Amino acid sequence: MALDRFGRSISYLRISLTDHCNLRCVYCMPEDMSFQPNEALMQDDEILLFVRLFAQLGFHKFRLTGGEPTVRANLVELVRAITGTPGVRSLTMTTNGILLSRLAQPLAEAGMSRVNISLDTLDPQKFRRLTRWGKLEDVWEGIQAAEEAGLTPVKINAVVVQGYNESDVVDVARLTQDHPWQVRFIEMMPFAGATGLQTNQMVTTGTMQDIIINTFGDLELVNGGKLDGEARLYRLPDGKGELGFISSVTQPFCASCTRARLTADGRLRLCLLREGEVDLLTPLREGATIKELRQLVLDGIWEK
């Protein structure tokens, strides 16, 4: 078991398969983004070694992220190997959905549990503006493919950015009236150095909820307000699905965090908003033993 100094059992690992992406969302990265060479990133055998190591330390929930994880070569084979690792109870993925229409069924057959799909607007022109060159229909086909493949419940992530898509909250929320999906509205985290967006472009959870209530009426709190992961859940009147609000800035959930991240270049990151990392890939490539790597992980987790 991996414990931090606050007595939390850290059991959820997010693994970035690549820093590459096939979109350039305005709140995520600049349009002229340069990526690391593939040899600087974890290779398949290295990822699987780390999965086994973390599973042996009590990590049981794993999520694949990026960049965009679906651009990773051999993704389906990698998923099959991860889900076959002893101790891995669930494997999910966060994706922009662009390539999901052809990958959803193979991923489900390989053992993936479900997917979170990014969708910030239902307006094709705004979608292209937000992503810089994405096509909304590709994502919609990906959502439908995920549902048909049984990667459910489908969760849709919408980052709300002032001046871009705050007026689209109502249309995105309306998806939960007719679909058993969980639509999760996310406060934009202030990564101004990387994206050029400033904190004054964040739309708060309270503002989002006011917009939705003005259209649909009062929201029904789900599960007594208990967080589902990072989201507090609500339901529209007569809605089939759920609305989630991830209030990373206005209502931080740090005290209940059980997550760690493994970056694409093999660094263990304990908090998204703190710079401290533990390099695991370099020691592995220099011949560190599993016992030595295990201690590096435990020492890092302690400092979370």
Side-chain angles (χ1 to χ4, degrees), residues 1-19 36 38-67 69 72 74-75 77-94 111-114 116 189 191 226-231 246 248 252-304:
M1 181 179 295
L3 296 175
D4 70 5
R5 54 188 164 159
F6 301 104
R8 294 176 296 185
S9 177
I10 311 304
S11 58
Y12 177 13
L13 185 67
R14 297 189 173 196
I15 303 173
S16 175
L17 296 185
T18 179
D19 64 342
Q36 297 183 75
N38 286 333
E39 58 268 21
L41 307 181
M42 293 185 294
Q43 304 304 301
D44 288 0
D45 60 331
E46 294 166 334
I47 291 175
L48 294 175
L49 183 147
F50 287 134
V51 169
R52 291 192 298 271
L53 173 59
F54 279 89
Q56 291 167 5
L57 290 173
F59 283 73
H60 57 82
K61 182 179 179 181
F62 293 79
R63 174 178 293 277
L64 303 181
T65 67
R72 172 87 183 208
N74 304 318
L75 174 63
E77 292 77 10
L78 192 58
V79 166
R80 184 174 291 108
I82 292 173
T83 58
T85 301
V88 175
R89 299 181 194 170
S90 71
L91 178 66
T92 58
M93 181 175 70
T94 297
M112 181 161 285
S113 304
R114 60 172 183 78
N116 288 34
M189 301 182 81
F191 297 139
K226 181 180 178 181
L227 290 179
D228 176 44
E230 309 88 12
I246 300 180
S248 309
F253 36 83
C254 302
S256 61
C257 180
T258 61
R259 295 172 294 169
R261 292 172 174 82
L262 191 59
T263 65
D265 57 356
R267 296 175 182 272
L268 179 64
R269 188 160 192 155
L270 289 313
C271 176
L272 193 60
L273 290 180
R274 291 187 178 272
E275 295 301 322
E277 296 177 334
V278 179
D279 185 359
L280 298 179
L281 186 57
T282 300
L284 172 62
R285 291 182 175 179
E286 291 179 348
T289 65
I290 292 297
K291 183 178 179 180
E292 290 168 337
L293 291 170
R294 174 189 175 96
Q295 195 59 51
L296 284 173
V297 172
L298 290 174
D299 290 345
I301 293 293
W302 181 256
E303 297 297 329
K304 179 171 168 61

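Because the structure is predicted, anything quoted here is derived from the model rather than measured. Residues take their numbers from the sequence shown, with the count starting at 1.
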- Item | Cys257 to Ile10 - nearest heavy-atom pair and separation | O-CD1, 4.0 Å

- Message: To check you understand the geometry: which heavy-atom pair defines the closest contact between Met1 and Ser9, and what is its length?
- Response: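 That would be CG-OG, 3.5 Å.
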
Under 3.5 Å: donor-acceptor pair, side chain of [X], backbone of [Y]:
X	Y	answer
Asp279	Thr282	yes
Lys304	Thr258	no
Thr85	Ile82	yes
Asn74	Glu77	no
Ser16	Gly66	yes
Glu46	Gln43	yes
Glu303	Gly300	no

[atom1] of [X] to [atom2] of [Y]: how many Å apart, nearest 0.5 Å?
X	Y	atom1	atom2	result
Leu13	Arg261	CG	CZ	10.0 Å
Arg8	Cys254	CZ	SG	8.0 Å
Leu293	Leu49	CG	CG	7.0 Å
Leu48	Arg52	CG	CZ	6.0 Å
Leu64	Leu78	CG	CG	7.0 Å
Leu281	Leu41	CG	CG	9.0 Å

State, yes or no, whether a side-chain contact exists between [X] and [Y] at a heavy-atom distance under 4.5 Å.
X	Y	result
Thr263	Glu277	yes
Leu227	Ser256	yes
Phe62	Tyr12	no
Ile47	Val51	yes

- Walk me through it: do Val297 and Leu280 pass the test side chain to side chain contact (heavy atoms under 4.5 Å, CB included)? CA-CA 8 Å; Val297 172; Leu280 298 179; 3.9 Å; yes

- Message: Check this for me, if you would: do Arg72 and Asp44 make a salt bridge, where the nitrogen-to-carboxylate-oxygen distance has to be below 4.0 angstrom?
- Response: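 Looking at Asp44 together with Arg72, the answer is yes, because their closest N to O distance falls below 4.0 Å.
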
- Query: Do Thr92 and Arg114 meet the criterion of a side-chain donor-acceptor pair at a distance under 3.5 Å?
  - Reply: no

- Count the heavy atoms of every other residue, nucleotide or ligand shown that sit under 6.0 Å from CZ of Arg89, and state whether that count exceeds 12. no

- Item | Arg63/Glu230 under salt bridge (Lys or Arg N to Asp or Glu O under 4.0 Å): CA gap, chis, key distance, verdict | CA-CA 14 Å; Arg63 174 178 293 277; Glu230 309 88 12; over 6 Å; no

